[in-house]
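Here the structure is a predicted model, which is why all the values come from computation and not from measurement.
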Amino acid sequence: MSLLIFPDEILLDIFDYLYFSEIIYSFYELMRHNQRIYDLIHTRLHTINISKIDLRFMTKSQFHYICCYIKSQNNLHENIQNLILSNQYSFGQIRSLISHISFDQIKNLKKLHLIQPALDEYHILFPTKPSQLTHLILENPECNDNDRIILIDEMEELIELNIISEYSIQFRSQYPRLEKLILSQINLIDLIGFRTFFPNLHYLDITLTGTDIDFDQISIPLLTVLKLRSFNVQHDICENFLLNLPQLRELYYSNEIDCNNISLIDGYRCQKFIEQLPLLEQLELNLYLLNTQSTDICEIAGSFQNSYYLSKNWNIVCESSLNSNNFHIYSVPMLSFNILDTTSDSLVSSAVLPVDDPYANINYLKVNMTSNWPLVTRFFSNIQSLELSQLNHSKMIPTFSILSYLNKSMFLSKLRKLILPTPCHFDDTLLCHLLQQSAPNITNLDISCHYLLHLIKENKLQSPLPIRTLTLRDNHLSLNDQTIFIDFFKSSLNCLSLYLQNDNSLSETIKLFLDQFQSLYSLDILLNDPISMLIHVQLCQMLQQRSDASAELRPTNIRIWQN
């Protein structure tokens, strides 16, 4: 059913429920080709909610339209309170917005989310005065030469800070009002200064790395909520850290523990340190126990099924593959994490108290496929991203087995992203069944270049596919295969990431892609060797002749953003 059949009144009511950027993103093409929709939107623009602007998935023309409109309206930028900018697919978006609108003009901005910002861009955003931001998210920001992320100073109004990065963060000033801090990685030693940097911290979500330090130096006196994920940190160290926080009310603790180096972590040991947190009301565990010798799963499960845990209604599941001495201990329902790494092997599970939907929060599932296909007892109702992996490549897995398992484990119609392993030791018909039958809403595919071309050449996939974002791994796309690849995807792709051969044909190949992929607005090209000065000059000349493209040329990476 087309929106165009609705009367004006209904369309105007729909616009009232949408933010300005959502309307432009959803109706931009209709605006360009349908005068009625164009007039309706412009009639309603003065009443549309512009407090939130999300530019993550904008094409260049959509982005340019929004910037020009905001710039043309007197004081409109003062209504913006929540802004999301991204260099991920639209490279240069953050810097481009700055060229249209000074951040000093966005006087009431409170929430800012920057995705893949360049090293200098956070400081460009606030050139003349201290920031009035209360919420800041930096997602995969560029780090300095020492692999450190240097934060913006003078952000005294900040209440919530979230930094998503594989690099460590360096704090240089105090954040006196900050209550909530989320860090995807921090070294143990950096916790020592937290009391000084964050005197008002109540909520901390961190992934720890590092080794032994003196925990007597670490005190966060106002902290009541802790989500602790540890990487290469011994359980004893994490346990000592927790014992320094007797004021905790909520605790999430995740770790991978080698039991060769420590006594068994079971319900009795967990209870011993939890009892020293007298105010704790909510507990979640996600522990992987490795090399537990001959410990029986019933012993570990039973240690969590005593009156202490049951009286608090803390449900703990203990799982293990058959004949394995590795165990996964986790809480249900899974409230604080949305990613689960599991296997298609038969799992032995402990009994738990009844839970209606224990895996409702899981939206990313990684499944290690084996030749064992058990009676499925777990259902993941909200999976949007599925990663299939294989550790044992000795046997080909039939499509029927995989589809049967997946259909019993999730709603395949909800899938939006699929990641396939390298190499793929399963039936070549699987991808066709998923993309064109069972999971037709997958628009994001991450796959080996060689394997995808194999499927296309063998007619195992039929064009057009619904794929809008494609990531090709492992192998470069050869000159001989470029034509068949372009013909197959040229009508659908919006975002493409791939390896190309670093030779004299590179400039011509890039030009061919930009000319043939009419819907492409993000092209990320990876090279195994630095580009030569000659090719660099050729690329610069080619891009300067195109008014619809912006680009960044790095030694082994070329990113192009075009309409």
Side-chain angles (χ1 to χ4, degrees), residues 88-89 91 366 369 385-391 393 396-397 399 402 415-436 439 442-531 535 539 554-560 562:
Q88 183 174 12
Y89 296 125
F91 169 75
K366 181 178 180 181
M369 297 182 300
S385 298
L386 174 64
E387 180 178 355
L388 301 180
S389 66
Q390 279 180 277
L391 300 179
H393 303 291
M396 185 74 70
I397 304 177
T399 291
I402 298 174
L415 285 183
R416 296 295 183 270
K417 181 175 182 179
L418 177 64
I419 304 171
L420 293 183
T422 305
C424 293
H425 284 282
F426 45 74
D427 193 324
D428 285 347
T429 62
L430 175 66
L431 191 58
C432 180
H433 275 284
L434 285 174
L435 296 181
Q436 298 182 314
I442 292 176
T443 59
N444 190 331
L445 179 62
D446 188 324
I447 190 172
S448 162
C449 179
H450 175 78
Y451 184 65
L452 179 62
L453 288 170
H454 161 73
L455 295 178
I456 294 174
K457 292 175 182 178
E458 297 293 324
N459 294 319
K460 299 294 175 61
L461 293 175
Q462 301 300 316
S463 183
L465 290 179
I467 303 302
R468 297 289 178 265
T469 302
L470 178 62
T471 300
L472 298 181
R473 302 189 315 271
D474 307 320
N475 318 96
H476 62 257
L477 181 65
S478 68
L479 287 172
N480 295 333
D481 293 326
Q482 287 177 12
T483 300
I484 186 174
F485 174 76
I486 290 173
D487 288 343
F488 194 87
F489 284 105
K490 67 180 180 182
S491 64
S492 62
L493 280 188
N494 297 144
C495 306
L496 174 62
S497 176
L498 78 168
Y499 282 90
L500 288 179
Q501 289 175 293
N502 189 1
D503 54 27
N504 292 331
S505 65
L506 182 60
S507 301
E508 289 77 9
T509 299
I510 294 175
K511 184 177 186 304
L512 179 65
F513 278 24
L514 295 178
D515 291 339
Q516 293 296 316
F517 287 109
Q518 296 300 312
S519 301
L520 196 70
Y521 66 83
S522 177
L523 178 60
D524 192 3
I525 297 165
L526 306 172
L527 307 167
N528 291 320
D529 303 301
I531 57 176
I535 294 178
L539 289 171
R554 298 184 177 184
T556 58
N557 183 230
I558 302 167
R559 298 187 65 187
I560 298 176
Q562 72 151 20

Just how far is it from atom [atom1] of [X] to atom [atom2] of [Y], taken to the nearest 0.5 Å?
X: H454; Y: D428; atom1: NE2; atom2: CG; result: 3.5 Å
X: C432; Y: E458; atom1: SG; atom2: CD; result: 13.5 Å
X: S505; Y: I510; atom1: OG; atom2: CD1; result: 9.5 Å
X: T556; Y: I525; atom1: OG1; atom2: CD1; result: 12.0 Å
X: T471; Y: Y499; atom1: OG1; atom2: OH; result: 11.0 Å
X: D474; Y: I447; atom1: CG; atom2: CD1; result: 10.0 Å

[X]-[Y] side chain donor-acceptor pair, cut-off 3.5 Å:
X: H476; Y: N502; answer: no
X: N557; Y: D524; answer: yes
X: S478; Y: N480; answer: no

Report yes if the side chains of [X] and [Y] come closer than 4.5 Å at any heavy-atom pair, otherwise no.
X: R468; Y: S492; result: yes
X: F489; Y: L452; result: yes
X: I486; Y: F517; result: yes

Inset, instruction - Applying side-chain contact (heavy atoms from CB on, under 4.5 Å), run through L527 and L506 and close with a yes or a no. - result: CA-CA 10 Å; L527 307 167; L506 182 60; 4.1 Å; yes
Legend entry - The single option from L465, I467, T469, L523 passing side-chain contact (heavy atoms from CB on, under 4.5 Å) against L493: I467
Legend entry - Given L420, N475, L453, L472, the one that forms side-chain contact (heavy atoms from CB on, under 4.5 Å) with S448: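 When side-chain contact (heavy atoms from CB on, under 4.5 Å) is applied between S448 and each of L420, N475, L453, L472, only N475 qualifies.
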Closest non-hydrogen atom pair between [X] and [Y], with its separation:
X: K490; Y: D487; answer: NZ-OD1, 4.0 Å
X: D481; Y: K457; answer: OD1-NZ, 2.8 Å
X: H425; Y: M396; answer: C-SD, 3.3 Å
X: S491; Y: P464; answer: OG-CB, 4.5 Å
X: P421; Y: L388; answer: CD-O, 2.9 Å

Inset, instruction - Could you tell me whether a side-chain N or O of R559 sits under 3.5 Å from a main-chain N or O of S522, the two making a donor and an acceptor? - result: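 Side chain of R559 to backbone of S522, a donor-acceptor pair under 3.5 Å: no, none is there.
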Inset, instruction - Using atom types as modelled and distance alone, determine if a side-chain donor or acceptor of Q482 lies under 3.5 Å from a backbone N or O of T509. - result: no
Inset, instruction - Check step by step if side-chain contact (heavy atoms from CB on, under 4.5 Å) holds for Q390 and I397. - result: CA-CA 10 Å; Q390 279 180 277; I397 304 177; 3.6 Å; yes
Legend entry - Check against side-chain contact (heavy atoms from CB on, under 4.5 Å), L431 and K460: CA-CA 8 Å; L431 191 58; K460 299 294 175 61; over 6 Å; no
Legend entry - Ion pair check, R473 and D446, cut-off under 4.0 Å: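 Between D446 and R473 there is a salt bridge, with a charged N closer than 4.0 Å to a carboxylate O.
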Inset, instruction - For the pair Y451 and L455, evaluate side-chain contact (heavy atoms from CB on, under 4.5 Å) and give the outcome as yes or no after the intermediate values. - result: CA-CA 6 Å; Y451 184 65; L455 295 178; 3.6 Å; yes
